[in-house]
Amino acid sequence: MATKVVDLVYWRNVGKTGVVFTGLVVGLASVFQLSAITVLSHLCLGIMCVTFPLRLYYKLLELLQWNPGVHPFQSYLDDDSSLTDKDTVMLVEEVVLLIAFAVTEVKRLLFIDSIVDSVKFVALLYLLTYVGLLTNGLTLVIVGVIIVFSLPLLYKKQQVRQ
């Protein structure tokens, strides 16, 4: 999973990365303007506008006996996307560990375990209040996605140039 993300970020497969990057930015921009439920329903309707006529076309070919009755999306239907008990337990353990670490760290910062770290935390929170006044969270997420997909590529090209 991690190697697939690294491949996307470093644009190793330009076509796939372009689709993922464009989808993320357009999806986030859509959620910026519309509710998430509206965006999700329009996305599903768009997919259905492609799959439904294609399925009807294949069914018509089957009725006319020009096609052996192959379902066009059978490979997707056969794909096993279920989680095993072991996978579920592993994911839950990772999430619980992350939450426990975050709670411990926030407790340490709020109750001033280390004065220097707590002062840094206060400065960060103070700066975030100004960022929050200027933008909303979704704008920052969109900028973050653009940065994640742009900086590694720019860094790699800069290394080649030197």
Side-chain angles (χ1 to χ4, degrees), residues 1-51 73 75-162:
M1 176 74 166
T3 57
K4 290 181 181 179
V5 173
V6 170
D7 289 345
L8 283 175
V9 169
Y10 281 104
W11 294 75
R12 292 191 179 125
N13 184 348
V14 176
K16 185 184 272 188
T17 302
V19 167
V20 170
F21 176 67
T22 304
L24 278 172
V25 172
V26 168
L28 289 171
S30 299
V31 172
F32 190 71
Q33 294 295 323
L34 305 167
S35 72
I37 294 171
T38 303
V39 171
L40 182 64
S41 65
H42 278 90
L43 178 68
C44 290
L45 284 171
I47 292 170
M48 291 293 293
C49 284
V50 173
T51 58
F73 305 110
S75 62
Y76 296 111
L77 294 172
D78 292 340
D79 188 27
D80 184 23
S81 59
S82 62
L83 287 174
T84 63
D85 291 342
K86 183 180 178 182
D87 292 338
T88 305
V89 168
M90 186 178 70
L91 285 172
V92 168
E93 285 177 353
E94 287 180 21
V95 168
V96 167
L97 285 173
L98 284 172
I99 291 171
F101 174 75
V103 167
T104 304
E105 191 66 19
V106 168
K107 252 186 356 185
R108 189 181 74 77
L109 292 170
L110 288 177
F111 297 122
I112 309 173
D113 184 41
S114 168
I115 293 176
V116 174
D117 288 343
S118 293
V119 168
K120 290 178 190 176
F121 186 60
V122 166
L124 175 69
L125 291 176
Y126 188 71
L127 288 174
L128 285 177
T129 60
Y130 284 109
V131 172
L133 288 173
L134 298 174
T135 64
N136 66 17
L138 198 53
T139 303
L140 294 176
V141 171
I142 293 170
V143 170
V145 166
I146 292 171
I147 287 173
V148 163
F149 278 89
S150 301
L151 284 183
L153 185 65
L154 292 174
Y155 180 73
K156 189 176 181 181
K157 285 186 177 186
Q158 188 64 23
Q159 280 185 330
V160 169
R161 191 186 298 172
Q162 292 177 355

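Source: prediction; values computed, not measured.
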Of all pairs that satisfy ring pair (Phe, Tyr, Trp, His ring centres under 6.0 Å), the ones with a partner from residues 137-160, not counting sequence neighbours: Phe21-Phe149
Those residues that, when tested against Thr135, pass side chain to side chain donor-acceptor pair (under 3.5 Å) (two or more places apart): none
Pairs flagged by side-chain hydrogen bond (donor to acceptor under 3.5 Å, both in side chains) wherever residues 8-20 is involved - sequence neighbours left out: Asp7-Arg12
Pairs involving residues 128-152, ordered by first then second residue, that meet salt bridge (Lys or Arg N to Asp or Glu O under 4.0 Å) (sequence neighbours left out): none
Atom CG of Leu125: over 12 foreign heavy atoms under 6.0 Å: yes
Approximate separation, where rounding is to 0.5 Å, of Leu45 CG and Leu40 CG: 9.5 Å
Atom pair OG1 (Thr129) and CG (Leu124), whose distance is rounded to the nearest 0.5 Å: 10.0 Å
Aromatic ring pairing Tyr76/Phe73, orientation class (parallel under 30°, perpendicular over 60°, tilted between): tilted
Partner residues of Ile112 under the side-chain contact (heavy atoms from CB on, under 4.5 Å) criterion, sequence neighbours left out: Ile115, Ser118
Summary of side-chain hydrogen bond (donor to acceptor under 3.5 Å, both in side chains) pairs that have at least one residue in residues 96-105, sequence neighbours excluded: Glu105-Arg108
Contact list for residues 86-98, test side-chain hydrogen bond (donor to acceptor under 3.5 Å, both in side chains), sequence neighbours left out: Thr84-Asp87
Under the side chain to side chain donor-acceptor pair (under 3.5 Å) test, residues paired with Ser35 that sit two or more places apart: Thr38
Listed partners of Val26 passing side-chain contact (heavy atoms from CB on, under 4.5 Å), at least two apart: Thr22, Ser30
Qualifying residue, where the test is side-chain contact (heavy atoms from CB on, under 4.5 Å) with Ile142 and the options are Ile146, Val145, Leu140: Ile146
Heavy-atom pair with the smallest gap, counting every atom of Leu28 and Val141: CD1-CG1, 3.7 Å
Those residues that, when tested against Asp78, pass side chain to side chain donor-acceptor pair (under 3.5 Å) (two or more places apart): Gln74
Summary of side-chain hydrogen bond (donor to acceptor under 3.5 Å, both in side chains) pairs that have at least one residue in residues 139-151, sequence neighbours excluded: Asn136-Thr139
Which residues share a side chain to side chain donor-acceptor pair (under 3.5 Å) with Ser75, sequence neighbours left out: none
